[in-house]
Amino acid sequence: MNRYPSLLLDVRARRTGFVVELDGDGSPAETGRLLVEEFGSGRPLPGGADDSNTIEWTAERVTVRTSLLNLTLLRYWQQPGTGRLLIGSDLAQLTARAIACVGVESDRVAQIRAVRASIRTIAGGRTVVFSRSGDGESTVVTETAAPGWTASPVTGESAVEAGARQIEVLRREITAPGSPRPVTAVVSGGVDSGIVAALAKQAGILDHLATLGTPWGNEYATADELGAHLGMTVRHIALSEEDILRSIPETVRMLGVPNREMVAGGVNLVAVYRQGAIAVGTILTGIGADYINSGLRMDAGTVPDLQRAVAQCLADGALGGEWTGAGAAAYGYTLRHMYWNTPVIQAALDTAPEVMRYRDREKGHMRAAAEAFLPPEIAWRPKQAMHHGSGVQRNLDGAVARLIGVEEVDVERFYELVATEQAGALIDSPHEPIDPDKCLEAAVSAYVREDH
């Protein structure tokens, strides 16, 4: 993990004004502005002019503005009793630097946990201003929320018209400049990734198709069906149980404060980056279509208030860190979740909920419109998230338990131990890369000790 893209600002309040140091950038800068998604990765993380988070600073104030998508989470820590402030995108690095500011205590694990609890996460659509107090000895924090997403459903649309409108917006985003070649679409053979792959193929920018499998499941057959329709071979990427387990530390670091579902959803792609089976370039996914079109409606269940469910999914997604491209950029990839960007989300919000339920199916309008370029058996295939199709959601807990050597495991407590080990590694060697395998082994030992 020696190329992990991160950002850290060290801000000190003085009577003469703020002094801001950008980590790894040498001398302090009196004024500055940066796009978070373009910092330190070698190539931009996902995010355009409207989707990127920004940080600006002068001698008088530091201003953080987050987009509604909040693609790369920012957090901050204030040193008690001083005007010192840290702002960063990597929770492990931020925790380690905060502890360096106050000094390492004898019970380092307890200290790491306490510092992590004192670090604040900035939600999406926020403007946070850090300004000096009158005496210059402390920092005042003011946070305001921008207007949220606004839905303006188009009236009189048929299901096919609504789906075609969304697909056309998606097409424009897929063909927009800024995706380094080669371009690989990760597909399952379902409608969401199928639409992305088909649009990219039509635009002449799709170089490869790939699909994932684990010992617990795969979607090779359905992905091959899509590949045959598009006239392309699908690369089968086989991930072993060890591949998945060894990817947990980097997934935890990428997410910051992950829950069970988030790790299961993110670890597949992290394992792919580590394996290097996909040519370095751009990776396109169909992840996110359920968030914006159906509020994660599953199976044949009905969501009573679809607009409210989608709004909650948008809010949760903007605070979870699962859309970041940092994990991919650490291995040289540009990751693009094509349904998780402002124009596509807005197009979905402007679709009447009753149209989305066409033929009593989730995303019915998209499925109907997709029949123009996908076979019906692909367009109407039942939905299944990537981590469900690969079996990771059902089996990751058991794999972690086997790794530790226990019958049952509290995986979220284990992930917290992994995060603690990562912060500890950066305390010991702040300028050295984190060794994910050592962190995993140390977290296993720590879990066993705590159990006894």
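One-based numbering along the sequence shown.
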Of all heavy-atom pairs between [X] and [Y], which one has the smallest distance, and what is that distance?
{"X": "Leu239", "Y": "Asn268", "answer": "CD1-O, 3.7 Å"}
{"X": "Ala98", "Y": "Val115", "answer": "CB-CG1, 3.7 Å"}
{"X": "Ala425", "Y": "Ile434", "answer": "CB-CG1, 4.4 Å"}
{"X": "Glu143", "Y": "Val128", "answer": "CG-CG2, 3.8 Å"}
{"X": "Pro436", "Y": "Arg274", "answer": "CG-NH1, 3.8 Å"}

Side chain [X], main chain [Y], donor-acceptor under 3.5 Å:
{"X": "Ser188", "Y": "Gly190", "result": "yes"}
{"X": "Lys201", "Y": "Leu230", "result": "yes"}
{"X": "Arg367", "Y": "Ala379", "result": "yes"}
{"X": "Asn53", "Y": "Ser67", "result": "yes"}
{"X": "Asn70", "Y": "Ala318", "result": "yes"}
{"X": "Asp10", "Y": "Leu86", "result": "no"}
{"X": "Thr66", "Y": "Gly125", "result": "yes"}
{"X": "Asn395", "Y": "Gly391", "result": "yes"}

- Message: If you count heavy atoms of other groups shown closer than 6.0 angstrom to CZ of Arg308, is the number above 12?
- Response: no
- Value for CD1 (Ile99) from CZ (Arg108), rounded to nearest 0.5 Å, stands at 8.0 Å
- Query: Say you draw a straight line from CD of Glu441 to CG of Asp437; how long is it, rounded to the nearest 0.5 Å?
  - Reply: 6.5 Å
- Message: For Tyr358 together with His365, are the ring centres under 6.0 Å from each other?
- Response: no
- Is it true that Arg357 and Glu362 have a side-chain N and a carboxylate O under 4.0 angstrom from each other? no
- In terms of side-chain geometry, is the basic nitrogen of Glu21 or Arg12 positioned less than 4.0 Å from the acidic oxygen of its partner? yes
- Can you sort out the partners of Tyr339 under ring pair (Phe, Tyr, Trp, His ring centres under 6.0 Å), two or more places apart, ordered by chain and number? none
- With Tyr447 via ring pair (Phe, Tyr, Trp, His ring centres under 6.0 Å) - residues at least two apart: none
- Task: Is it possible for you to check whether Arg359 lies under 6.0 Å from the centre of the six-membered ring of Trp380, through NZ or CZ, and within 45° of that ring's axis?
- Result: yes
- Note on the structure: Only residue of Asn218, Ile278, Val186 satisfying side chain to side chain contact (heavy atoms under 4.5 Å, CB included) with Ile237 is Ile278
